[in-house]
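Structure first, commentary second.
In what follows, residues are counted from 1 in the order of the sequence shown.
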Amino acid sequence: MHISFAGHGTEFVCATTDGLLLFSLHASKPRFNPLQLTAENTVASVQQHMENGQFVLALIGALLLKDETLGKTCMRRMPATSIPVASSSVPSAAYPTLVHWVSREIVESPFLEHSLLWAQSILVHTNEPLVGHTAKDSVHITPALKELYRAMKTHKTLQSLSQENYFSMSYLLKNVPSRTSEAATTSQ
């Protein structure tokens, strides 16, 4: 076993036969989970999970690798019905990363509806406490949620335009007589 301490003395690392273990005294830093470092979690294994249709496992693998390109590919290929399952299966340490990816996806992706499904799912179907004294990683979650809010706010124009179109179409459908009622009145 080998132990090394950081220069400031608040963090240390142990190399053991069980693996690499990192420890920190800072409460604001996320807790390190040594089980996340496995030899099986590689880019190739994530791509293999995607090819096999195991999109939830692929996304979790991409989150643990913190590979944004691979993660966005997983998110785009995931069926809409699997999104709630995926968002509730994300490990606590990776949840802020997923929120950041979804925020960027809303702004950058041409698949707006799919991205908004992700946003809805990570807010509704999550097991993570988002606010309050129970939010352990609020230092990381709060900026991620603010980024998500800003990303969704950029589409405010689209929202107001779609609402105007909805009300205009509703007005036209209610006030314009249908062809079947016109045909019935002309035949009498």
Side-chain angles (χ1 to χ4, degrees), residues 28-33 35-132 134-169:
S28 64
K29 290 190 176 183
R31 292 185 183 97
F32 180 76
N33 183 357
L35 298 176
Q36 294 177 355
L37 290 180
T38 62
E40 294 84 31
N41 194 19
T42 62
V43 173
S45 68
V46 170
Q47 291 171 340
Q48 185 66 37
H49 285 307
M50 279 195 290
E51 290 172 11
N52 294 339
Q54 299 170 325
F55 297 109
V56 176
L57 291 175
L59 178 66
I60 291 171
L63 282 165
L64 295 178
L65 291 172
K66 295 198 186 260
D67 188 338
E68 186 172 352
T69 306
L70 190 59
K72 285 183 177 182
T73 303
C74 294
M75 289 169 48
R76 289 178 181 175
R77 291 183 59 187
M78 188 169 301
T81 56
S82 298
I83 293 174
V85 175
S87 63
S88 65
S89 301
V90 171
S92 297
Y95 183 75
T97 304
L98 178 64
V99 175
H100 281 295
W101 290 358
V102 169
S103 302
R104 290 187 193 113
E105 191 71 3
I106 288 172
V107 173
E108 300 167 0
S109 174
F111 311 110
L112 181 61
E113 182 181 6
H114 197 71
S115 302
L116 291 175
L117 284 173
W118 270 104
Q120 178 186 19
S121 184
I122 63 173
L123 294 174
V124 174
H125 299 288
T126 184
N127 298 326
E128 298 297 319
L130 299 178
V131 292
T134 57
K136 292 178 242 158
D137 293 328
S138 62
V139 173
H140 301 287
I141 290 176
T142 303
L145 291 173
K146 286 180 180 179
E147 184 180 358
L148 180 62
Y149 173 74
R150 283 192 300 271
M152 293 177 75
K153 196 172 180 177
T154 59
H155 294 290
K156 190 76 170 169
T157 308
L158 180 63
Q159 176 189 2
S160 62
L161 179 63
S162 63
Q163 283 179 344
E164 285 179 24
N165 286 344
Y166 172 76
F167 292 124
S168 298
M169 293 301 291

Work out which heavy atom in His114 is nearest to a heavy atom in Ala80; give both atom names and the distance.
CE1-N, 4.3 Å
Walk me through whether Ile106 and Trp118 qualify under side chain to side chain contact (heavy atoms under 4.5 Å, CB included).
CA-CA 9 Å; Ile106 288 172; Trp118 270 104; over 6 Å; no
Going by the rule side-chain hydrogen bond (donor to acceptor under 3.5 Å, both in side chains), which residues pair with Thr73 if we only count those two or more places apart in sequence or in a different chain?
none
Looking at every heavy atom in both Ala58 and Val46, which two are closest together, and how far apart are they?
O-CG1, 3.4 Å
Asn165: side chain to side chain contact (heavy atoms under 4.5 Å, CB included) partners, not counting sequence neighbours
Leu161
For Glu113, is the CD atom crowded, meaning more than 12 foreign heavy atoms sit under 6.0 Å from it?
no
Looking at residues at least two apart in the chain, or sitting in another chain, which of them share a salt bridge (Lys or Arg N to Asp or Glu O under 4.0 Å) with Glu51?
none
side-chain hydrogen bond (donor to acceptor under 3.5 Å, both in side chains) involving Glu68 - partner list, sequence neighbours excluded:
Lys72, Arg104
Those residues at least two apart in sequence (or on a different chain) that pass side chain to side chain contact (heavy atoms under 4.5 Å, CB included) with Thr97 are Leu63, Lys66, Trp101
How long is the straight-line distance from CD1 of Ile83 back to OG of Ser88, given to the nearest 0.5 Å?
12.0 Å
Heavy-atom pair with the smallest gap, counting every atom of Thr42 and Leu65
C-CD1, 3.6 Å
Distance (rounded to the nearest 0.5 Å) between Gln47 CD and Asn52 CG:
12.0 Å
Partner residues of Arg76 under the side-chain hydrogen bond (donor to acceptor under 3.5 Å, both in side chains) criterion, sequence neighbours left out
Glu105
Counting N and O atoms only, with roles assigned by atom type, does the side chain of Tyr95 sit under 3.5 Å from a partner on the main chain of Ile122, one being a donor and the other an acceptor?
yes
Pairwise side-chain contact, Leu116 with Gln120, heavy-atom cut-off 4.5 Å (strictly under)
no
Can you check side chain to side chain contact (heavy atoms under 4.5 Å, CB included) on Val56 and His49, steps first, answer last?
CA-CA 9 Å; Val56 176; His49 285 307; over 6 Å; no
Set out, in order, the CA-CA distance, both residues' side-chain angles and the distance that settles side chain to side chain contact (heavy atoms under 4.5 Å, CB included) for Phe55 and Met75, then state yes or no.
CA-CA 8 Å; Phe55 297 109; Met75 289 169 48; over 6 Å; no
Can you measure from OG (Ser121) to CE (Met78) and round to the nearest 0.5 angstrom?
9.5 Å
